[in-house]
Structures are given as structure tokens and as C-alpha cells.
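Positions are given from 1 along the sequence.
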Amino acid sequence: MGSVAVGAGDRVGASRHLPAERRGRHDGALASELTDVEGNKKILVAMGGTLIKNGNFEIVKFPGVAVYLNQAPGAPPANGGTVGSIVNHVGFTVLNTAEAVAKWKAAGVNVLPGGAGRTDQAFIETSDGLRIEILENKEQKFPIQHHHIHFNIPEATIPEIQAWYAKTFGAKPGMRGTNKADDLPGANLTFSATTMPTVTTKGRVLDHIGFDVTNLEAFCKKLEAAGIKLDRPFTRNPQTGGALAFIYDPWGTYIELNERPNPL
């Protein structure tokens, strides 16, 4: 899942690499800005994530995504949850929703019911306002894995955002249920209509999403040639050999672009 940030200064992410330099791959990273790092860590580990350390960052890894629990020292706290931002929530799938919910509740996780009495759906909302949808997939390999990033935008804009991610990152347009969607290696991007105003993800509990890109420097040049401004220019890390840059999509989603010598 590219990078998905939760809470103040937290980042969540997952990585997958594509051969084509212009293609994006949801790197499975979610970058967050959490104020309650310990509380969110407890929830994510109870859900089935594995806690690891990467430098100064605490990360909870799931198949398909890595959730960064803390940002750099001095980062301001989040100014709101995912609801109300352009990214309304992120989604995971489990083998059996009812069994997973019972297990999580026994571990003290506050699980909300699915919509319209659905037993194959549930929601978790952390104390910092990170909203997580749970869906069922009895055919998957893992007990839990990352599934989608769910955008809420005005209905008239949905064809535009679907086309933008297809053109910019090589996503494959399609449908997920009744919603227009884009598919990338590692994640589905789902687009739903809302009549409510939304704000940028930047500074929210889910600060940004992320994509892994092969040959990031060349990719950044193509972005600039297409009129897309780099909010943070291409920067190479001489110690690791990796590189990163940041952009916004036209609707306010903050996006981290990564070139990783080694996947997370």
C-alpha cells in the first residue's frame, strides 16, 4: 500500500516493485500522524500485524502494507482523522470476518458493525481517527492483508481522478462493486461520491499514501514535464541508495514516491 500515514507524524506503508519506470506500485506504506502511538500499535498488532523497527521508525507490517506509527521528532499532531479528508479510509481483507471480529474484541479492540447488517464487513476506528474497513475474502493466502484505499470526492470528479491515476501511475481502470476504481500492484484505489467537502490528507491522521517506483529520478522528470509539481524534489539517500519525492494529486492526496533498493 504505498505509504499511508496515520496520526501525527506516523506513516504506514507497503512495497512492491514494477519494471517500467513510469509505473507506480502501491508500496504498501501508510504514513500516519498518531498521537496515541501505543494504543494504535496495540490495535494493529491485535489485528495480526507484525511489529518491527526500521531506523527511528516503529512499523507494523501486514501482507501488502507497512504502517509507520511515528514520524520524525517535532512533527505536529494530526489535525483530524481520515473521515473528512480525500481518503476516507483504508481497507483490509480477512479469511472470515466474524471469526476475526470475535478474536479482536477478545483482545480489547473496539470493532464497529458493517453496514446494512452485513456480517462480511466491519470497521475499526482508532482513537486518532484512522478508519479501517474489514472485508471478507475466503480465498486469500493470509489471515489478513491490505486491500484498498478509499477516496471520497464529488461524483462529477470521479472519472477525472480515475483517469489521473491511470495516466500518472499506470493503474488499470475498472470497478469494485458499484464504485469506479483503479488497480495497481498491491492495492485497489476505490472512488466514492460524496456531497460533503473534503480536505487534503496532509496533516491528517493518514498523512499520505505511497508508491514504489523504479528509476524514480526519470519518473520525476516525466511528472514535471506533464506539469505535475514536486512538493519535495527528488532526493537520493547516499547511505541506503534509496530515493524519494513527494507530490499532491489534484484533489489534495499527499503522495510519497519511493525508490527502494530493498523492499520493506
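Remark: Glu139 engages no residue in a salt bridge (charged side-chain N to carboxylate O under 4.0 Å, His left out) (not counting sequence neighbours). Residues forming a salt bridge (charged side-chain N to carboxylate O under 4.0 Å, His left out) with Lys138 (at least two apart in sequence, or on another chain): Glu136. Not counting sequence neighbours, the partners of Asp120 by the salt bridge (charged side-chain N to carboxylate O under 4.0 Å, His left out) test are Arg118. Contacts of Arg176 classified as salt bridge (charged side-chain N to carboxylate O under 4.0 Å, His left out), with partners at least two apart in sequence or in another chain: none.
Considering Thr201, Thr168, Ile247 as possible partners of Ile255, the one that fulfils the side chain to side chain contact (heavy atoms under 4.5 Å, CB included) test is Ile247.
In this structure, Met196 places its CE atom where only 12 or fewer heavy-atom neighbours from other residues, nucleotides or ligands lie under 6.0 Å away. By the neighbour-count criterion of 12 heavy atoms within 6.0 Å, atom NZ of Lys229 is sparsely surrounded, having that number or fewer from other residues, nucleotides or ligands. For CD of Glu155, the number of neighbouring non-hydrogen atoms (other residues, nucleotides, ligands) closer than 6.0 Å is 12 at most.
In terms of heavy-atom proximity, Val205 sits nearest to Ala78 at N-CB, 3.6 Å. Listed here is the closest heavy atom pair of Pro261 and Gly241: CG-C, 3.7 Å. Considering all non-hydrogen atoms of both residues, Ala243 and Phe234 come closest at CB-CE1, 3.4 Å. When every heavy atom of Ala122 is checked against every heavy atom of Val111, the shortest pair comes out as CB-CG1, 3.9 Å.
A side-chain donor-acceptor contact under 3.5 Å links Gln162 to the backbone of Ala181. In this structure a side-chain-to-backbone donor-acceptor pair under 3.5 Å is missing from Arg232 to Ala245. With hydrogens and angles ignored, the 3.5 Å screen pairs no side-chain donor or acceptor of Thr200 with any backbone N or O of Ile86. With hydrogens and angles disregarded, a donor-acceptor distance shorter than 3.5 Å links the side chain of Gln121 to the backbone of Gly115. Judged by distance alone, the side chain of Thr235 and the main-chain N or O of Pro233 form a donor-acceptor pair under 3.5 Å.
Using bins of under 30°, 30° to 60° and over 60° for the plane-to-plane angle, the ring pair Tyr248/Tyr254 lands in the tilted bin. Relative orientation of the Phe191 and Phe151 rings is tilted, given thresholds of 30° and 60° on the angle between their planes.
If you chain together hydrophobic residues whose side chains sit under 4.5 Å apart, Leu135 and Met47 never meet in one group. Placement of Val199 and Trp251 in two distinct hydrophobic clusters is found when ILVMFWY residues are connected by side-chain heavy-atom separations under 4.5 Å, directly or transitively. Each of Ile134 and Phe142 belongs to its own hydrophobic cluster when Ile, Leu, Val, Met, Phe, Trp and Tyr are linked at side-chain heavy-atom distances under 4.5 angstrom. When the side chains of ILVMFWY residues are joined at heavy-atom separations under 4.5 Å, either directly or via intervening members, Trp164 and Leu223 end up in a single hydrophobic cluster. Ile228 and Phe219 fall within the same hydrophobic cluster, where Ile, Leu, Val, Met, Phe, Trp and Tyr residues are linked whenever their side-chain heavy atoms come under 4.5 Å apart, directly or through other members.
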Before you tell me yes or no, could you show the steps for Asp36 and Ser127 under side chain to side chain donor-acceptor pair (under 3.5 Å), namely the whole-Å CA-CA distance, both residues' side-chain angles and the distance that decides it to 0.1 Å? CA-CA 7 Å; Asp36 182 13; Ser127 59; 3.1 Å; yes
Can you check side-chain contact (heavy atoms from CB on, under 4.5 Å) on Leu112 and Arg131, steps first, answer last? CA-CA 10 Å; Leu112 305 174; Arg131 187 167 176 82; 4.2 Å; yes
Begin with the C-alpha distance, continue with both residues' side-chain angles, and end with the deciding distance and a verdict on side-chain contact (heavy atoms from CB on, under 4.5 Å) for Thr97 and Thr119. CA-CA 7 Å; Thr97 301; Thr119 58; over 6 Å; no
As a quick check of understanding, evaluate side-chain contact (heavy atoms from CB on, under 4.5 Å) for Ile43 and Val60, giving each step before the final call. CA-CA 10 Å; Ile43 290 172; Val60 179; over 6 Å; no
CA sep, side-chain torsions, deciding dist, call: Arg204, Thr82, side-chain contact (heavy atoms from CB on, under 4.5 Å): CA-CA 7 Å; Arg204 307 286 284 203; Thr82 51; over 6 Å; no
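Between Ile59 and Lys53 there is no side-chain heavy-atom pair separated by less than 4.5 Å. Residues Thr198 and Ser85 have side chains not in contact (no heavy-atom distance under 4.5 Å, counting atoms from C-beta outward).
Contact check on Lys41 versus Glu38 returns a salt bridge, with a Lys/Arg side-chain nitrogen under 4.0 Å from an Asp/Glu carboxylate oxygen.
Identified under the salt bridge (Lys or Arg N to Asp or Glu O under 4.0 Å) test for residues 235-252, with sequence neighbours left out: Arg236-Glu259.
A side-chain donor from one of Thr190 and Asn188 sits under 3.5 Å from a side-chain acceptor of the other.
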Under 3.5 Å, sequence neighbours excluded: what are the donor-acceptor pairs made by side chains of residues 87-94?
| unit_1 | atom_1 | unit_2 | atom_2 | d |
| --- | --- | --- | --- | --- |
| His89 | NE2 | Glu133 | OE1 | 3.0 |
| His89 | NE2 | His150 | ND1 | 3.3 |
| Thr93 | OG1 | Gln140 | OE1 | 2.5 |

